[in-house]
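See below for the structure under consideration.
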Amino acid sequence: MIRDEIRALVEQALAAAQGAGDLPQFATPAVTVEHPQRPEHGDFSANLPLRIQGLAKMKAVEVAEALRRHVPASEAVAAVRVAPPGFLNFYLEPGWVARQAAAIAAAGEQYATSDAGRGQRVQIEYVSANPTGPIHVGNGRGAAIGSTLANVMRGAGYDVEQEYYVNDAGTQVAIFGRTLYARYQQLFGREVTIPENGYPGEYVVEVAKGIRNRLGDRFLRPSGEESDPELGRLGIHVMVDQIREDLHAMGVEYDVWYSERSLQAEGGMYDRVLSLLRERGYIVEREGAVWFASSELGESKDNVLIRSDGMPTYYATDIAYHYDKFIERGFDRVIDIWGADHQGHVSRVKAAVAAVGGDPDRLDVLLYQLVALRRGREAVPLSKRAGEIVTLREIVEEVGVDATRFFFLLPSANQTMDFDLELAKKQSDENPVFYVQYAHARIAGVLAKAREEGFSSEDADSQLLTHDAEQTLIRKLLLLPEVLEEVIEGLAPHHLPHYAQDLAAAFHVFYTQCRVIDASNEPLTRARLLLLDAARVVLSRTLGLMGVSAPEQM
RNA sequence: GCGCUCGUAGCUCAGGGGAUAGAGCGCUGCCCUGCGGAGGCAGAGGCCGGAGGUUCGAAUCCUCCCGGGCGCACCA
């Protein structure tokens with residue numbers, strides 16, 4: 001990408017200036033270039049002179065001047081200027097910029113893909129909500145973030161696996177099973193109440209009905225007896241199917257649905273990891289429970305792995321799970337995406353990864369802050385009545401996938417967010433999703449009209465794209481690779497919807513200032529159609545990565 | 001109390017060592033005898049929570065304080 005080329009020019013200039021004796025020798029810091037906020041400062045700017053003025057024992061402006069003399073010529077660069085207090089500013093060559101429109105249009109769907117992550121196997125695990133209930137709004141945020149990150153990383157050549165960890169074992173599942181059995185019995189007229197700490201939600205009744213309708217009374221046992229564990233497993237299965245559908249409706253597809261219960265099978269991962277920890281001396285037995293001596297690994301305290309009732313804790317199976325990710329399956333990198341309420345778990349899991357022989361630096365935990373719902377000014381409570389939560393499905397049905405995903409992606413993950421249902425539903429200029437989609441529909445509209453009237457971008461001369469609005473738009477198109485790099489490096493997909501808005505704005509300005517189809521000027525018409533091709537490519541790819549549709553018409 | 005995180009325009013948020021702090025919405029005033037006005041242009045609106053410090057340079061880094069959110073289980 002162009003930013004890397006500019007950076008390389010600065011590095012070469014530095015080496016050349018030192019070689020020629022215009023700058024003294026010293027260890028050179030990493031060179032960065034950025035986009036100045038004021039257009040008169042050029043397209044790219046290097047602050048290197050300011051940073052090395054001390055090392056060079058020269059004034060920054062003099063350093064900049066020495067560098068400027070040694071910047072190699074480049075077809076992309078029209079001018080390099082020194083600006084006080086010591087910036088080195090680069091101005092792109094308009095002819096080169098114009099040519100990029102052709103390059104982008106030709107690249108099509110391949111534009112802004114790269115092989116930066118080639119050979120790296122990355123697992124992204126996200127949502128992984130308990131299958132004891134339908135997934136809710138907060139899970140939706142994780143879904144949007146995770147699947148977008150997966151899309152972007154895949155486009156950068158990473159070998160990405162998306163995974164949902166199904167918590168189908170443990171206390172909560174047992175309680176769900178008992179609740180389900182109570183509801184099941186009620187369907188056969190038995191006077192039973194759902195257990196204490198059970199799941200009061202209506203959905204459990206629906207699950208019970210489904211099972212009764214399919215399998216009749218075969219799970220009914222004599223009054224007072226405990227439920228058949230098979231019923232609970234079946235119920236979880238039904239819930240997982242429902243979760244899968246809800247996520248599918250959000251445009252999220254997983255490669256692997258990983259069962260927590262499978263870890264605990266005889267001789268499974270869980271047993272293996274426990275004996276591994278024992279061998280390494282990380283196991284302590286005390287107060288009837290089995291503890292992980294995590295305080296030896298810098299944790300503030302030890303944590304229970306096996307409770308005194310013999311049940312493994314969530315933490316224990318999570319250690320086994322991460323052992324499986326790193327050691328058994330050998331991912332080069334693992335990204336876990338969790339709600340911020342799991343924040344305390346991060347250092348524990350990292351400590352555990354280290355204890356089982358993994359590299360905790362290859363584990364990234366992306367935390368997202370919680371979501372509140374609103375309708376305009378009015379707050380919407382996330383739980384409607386006892387046990388009934390606002391589900392993700394309801395949100396998607398009410399406002400649509402496009403708005404749901406776009407809104408979830410907009411704020412950075414560590415910002416708590418308000419999801420305004422009223423705004424998300426508005427089909428008007430107040431709604432940023434429509435602003436962006438409208439740009440795409442407008443482009444599609446013009447392209448269709450051009451086709452009807454017999455115009456095309458064939459043999460277009462991109463050098464005619466000299467108008468300010470054209471040049472600005474192309475510069476915006478050239479930004480996508482940088483944006484994607486920032487998304488990956490910062491695990492920050494929120495850059496994408498912001499970029500989409502900037503891009504749409506640049507297009508709308510172009511559209512009002514430059515008429516595309518002009519029968520009296522066919523060469524210019526062709527050139528501008530080429531630019532529209534390029535803009536459409538970039539806009540649709542940006543939207544596609546976010547899982548938002550790029551409509552031909554609205 | 002301890003840990004993580006946030007505090008930037010009226011509202012929702014970007015920017016996380018650089019040059020005069022940005023966007024959308026809202027507000028005010030303009031622009032349709034040409035491809036979709038779901039658009040564009042202009043303007044008003046900010047001691048970047050507060051106080052110290054580091055630096056040539058701080059909204060950005062450090063310390064303390066104030067305020068919001070989330071954690072600190074033999075729950076997940």
Side-chain angles (χ1 to χ4, degrees), chain A residues 32 34 36-38 40-41 45-47 50-51 53-54 59-60 83-87 89 128-130 132 167 169-173 175 197 260 286-291 300-301 303-318 339-347 367 369-370 372 374 377 407 410-418 420 423 426-432 434-435 437-439 441-450 452-453 455 469 490 494-495 497-499 501-502 504-505 507-518 525 528-529 532 553-554:
Chain A
T32 57
E34 58 189 11
Q37 35 190 344
R38 306 184 65 79
E40 59 267 33
H41 293 142
S45 165
N47 64 1
L50 287 155
R51 293 199 293 127
Q53 56 183 328
K59 291 188 145 184
F87 291 100
N89 292 334
S128 299
N130 262 344
T132 52
N167 299 114
T171 326
Q172 294 309 312
V173 168
I175 293 171
N197 307 322
E260 178 186 0
R286 140 171 33 111
E287 297 155 31
V290 175
W291 298 70
S300 54
K301 57 186 172 190
N303 292 281
V304 171
L305 294 181
I306 302 176
R307 306 187 314 205
S308 46
D309 65 2
M311 293 282 284
T313 60
Y314 166 82
Y315 184 42
T317 47
D318 220 21
D341 51 340
H342 290 70
Q343 163 263 122
H345 196 53
V346 176
S347 65
L367 297 173
Q369 299 293 322
L370 303 184
R374 283 192 317 168
R377 304 224 82 87
F407 272 65
L410 210 39
S412 81
N414 41 24
Q415 187 78 247
T416 55
M417 72 172 287
D418 281 346
D420 185 346
L423 178 60
K426 269 193 187 149
Q427 314 242 328
S428 77
D429 53 3
E430 289 168 63
N431 189 336
F434 285 87
Y435 180 80
Q437 290 185 317
Y438 178 56
R442 249 184 165 180
I443 293 172
V446 179
L447 289 173
K449 186 178 162 80
E452 273 169 37
E453 298 183 7
F455 295 102
H494 73 274
H495 292 304
H498 285 102
Y499 170 70
Q501 291 182 90
D502 281 354
F507 164 73
H508 286 309
V509 170
F510 159 76
Y511 182 86
T512 31
Q513 292 191 14
C514 301
R515 170 146 187 109
V516 176
I517 300 171
D518 179 358
T525 299
R528 286 182 168 166
L529 286 172
L532 282 191
Q553 50 190 315
M554 295 173 69

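From a predicted model like this one, the values you see are computed outputs, not experimental measurements.
Applying the side chain to side chain donor-acceptor pair (under 3.5 Å) criterion to Glu453(A), with sequence neighbours excluded, gives Lys449(A). By the ring pair (Phe, Tyr, Trp, His ring centres under 6.0 Å) test, His498(A) pairs with no residue at all, sequence neighbours left out. Remark: Phe510(A) engages no residue in a ring pair (Phe, Tyr, Trp, His ring centres under 6.0 Å) (not counting sequence neighbours). With sequence neighbours excluded, the residues forming a ring pair (Phe, Tyr, Trp, His ring centres under 6.0 Å) with Tyr314(A) are His345(A), listed by chain and number. Legend: residues meeting salt bridge (charged side-chain N to carboxylate O under 4.0 Å, His left out) with Asp518(A), ordered by chain and number and at least two apart, are absent. Contacts of Glu40(A) classified as salt bridge (charged side-chain N to carboxylate O under 4.0 Å, His left out), with partners at least two apart in sequence or in another chain: Arg38(A). Taking Phe87(A) as the reference, nothing meets the ring pair (Phe, Tyr, Trp, His ring centres under 6.0 Å) condition, with sequence neighbours excluded.
The side chain of Ser45(A) approaches A19(B) more closely than any other nucleotide in the set C75(B), G18(B), A19(B). Checked against C75(B), C74(B), C56(B), the side chain of Leu50(A) finds its nearest nucleotide in C56(B).
Spacing of P atoms, G67(B) relative to G24(B), comes out at 35 Å, to the nearest Å. With C1' as the reference atom, A14(B) and C48(B) are 13 Å apart, rounded to whole Å. Atom C1' of C32(B) sits at a distance of 48 Å from the matching atom of G69(B), rounded to the whole Å. Between the P atoms of G46(B) and G10(B), the separation comes to 6 Å (whole Å). Taking atom P in both G40(B) and C4(B), one finds a spacing of 43 Å when rounded to whole Å. Using P as the reference atom, G71(B) and U54(B) are 39 Å apart when rounded to the nearest Å. Comparing the C1' positions of G43(B) and C6(B) gives a spacing of 32 Å, expressed to the nearest Å. The separation of U63(B) from C75(B), taken at their P atoms, amounts to 35 Å, rounded to a whole angstrom.
A donor-acceptor contact under 3.5 Å is formed by the side chain of Asn89(A) with the base of A19(B). One can find a donor-acceptor pair under 3.5 Å joining the base of C74(B) and the side-chain atoms of Ser308(A).
When side chains are defined from C-beta on, Phe455(A) does not count as touching Val516(A), because their heavy atoms never get closer than 4.5 Å.
Between Asn47(A) atom CG and C56(B) atom P there is a gap of 15 Å when expressed in whole angstrom units. Between Asn167(A) atom CG and C75(B) atom P the separation is 15 Å, expressed in whole Å. Note: CD (Glu260(A)) to P (C75(B)) measures 13 Å, nearest angstrom. What separates CZ of Arg374(A) from C1' of C25(B) is a distance of 11 Å, to the nearest Å. One atom, CG of Asp318(A), and another, P of C74(B), lie 16 Å apart when rounded to the nearest Å. The OH-P distance, from Tyr315(A) to C75(B), rounds to 15 Å in whole Å. Atom C1' of nucleotide A59(B) and atom CD of Gln37(A) are separated by 12 Å, given to the nearest angstrom. In this structure, Lys301(A) atom NZ and G71(B) atom P are separated by 14 Å, rounded to whole Å.
At the heavy-atom level, Pro432(A) lies nowhere under 4.0 Å from the strands shown. Backbone-only contact: Asp341(A) has heavy atoms under 4.0 Å from sugar-phosphate atoms and none from a base. Within 4.0 Å (heavy atoms only), Ala340(A) reaches sugar-phosphate atoms of the nucleic acid but no base atom. Among the protein residues, Asn431(A) comes within range of no part of the nucleic acid, since none of its heavy atoms lies under 4.0 Å from any strand. Using a 4.0 Å heavy-atom cutoff across all strands shown, His495(A) reaches sugar-phosphate atoms only and no base atom. As judged by a 4.0 angstrom heavy-atom cut-off over every strand, Ala60(A) is placed among residues making no nucleic acid contact. Residue His41(A) is classed as a base contact, given a heavy-atom separation below 4.0 Å to a base. Here Glu287(A) lies in heavy-atom contact (under 4.0 Å) with a base.
Scanning both residues, Pro85(A) and Leu50(A), for their nearest heavy atoms gives O-CD2, 3.7 Å. Across all non-hydrogen atoms, the minimal contact from Ser308(A) to Ala289(A) is N-CB, 4.1 Å. Closest approach of Ile175(A) and Asn197(A) over heavy atoms only: CG2-O, 3.3 Å. Asn431(A) and Leu423(A) get closest at one heavy-atom pair: ND2-O, 3.0 Å.
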Readout for nucleotides 31-42 of chain B: B = base within 4.0 Å of protein heavy atom, S = sugar-phosphate only, - = neither; 5' to 3' it is ---BBBSBSSS-
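For Arg307(A) and C75(B), the shortest distance from a side-chain N or O to OP1 or OP2 is below 4.0 Å. The side chain of Ser412(A) contributes an N or O atom lying less than 4.0 Å from OP1 or OP2 of A14(B). OP1 or OP2 of G15(B) has at least one side-chain nitrogen or oxygen of His494(A) nearer than 4.0 Å.
Partner assigned to C64(B) is G50(B), using Watson-Crick or G-U wobble distances below 3.5 angstrom. The nucleotide G1(B) finds its pairing partner in C72(B), both defining distances of the Watson-Crick or G-U wobble pair being shorter than 3.5 Å. Applying the Watson-Crick and G-U wobble criteria (two distances, each under 3.5 Å), G29(B) pairs with C41(B). Look at G57(B): it lacks any Watson-Crick or wobble partner with both distances under 3.5 angstrom.
Mapping Thr313(A) and Phe87(A) onto RNA chain B by nearest heavy atom places Phe87(A) closer to the 5' end of the strand. Each of Arg286(A) and Gln501(A) was assigned the nucleotide of RNA chain B with the nearest heavy atom; the assignment lying further toward the 5' end belongs to Gln501(A).
In the model, Gln172(A) has no side-chain atom that pairs as donor or acceptor with a side-chain atom of Thr132(A) under 3.5 Å.
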Sub-3.5 Å pairs of nitrogen or oxygen atoms, protein against nucleotides 1-7 of chain B:
unit_1	atom_1	unit_2	atom_2	d
G3(B)	N2	Gln343(A)	NE2	2.4
U5(B)	O2'	Asn414(A)	O	3.2
C6(B)	O2'	Gln415(A)	OE1	3.3

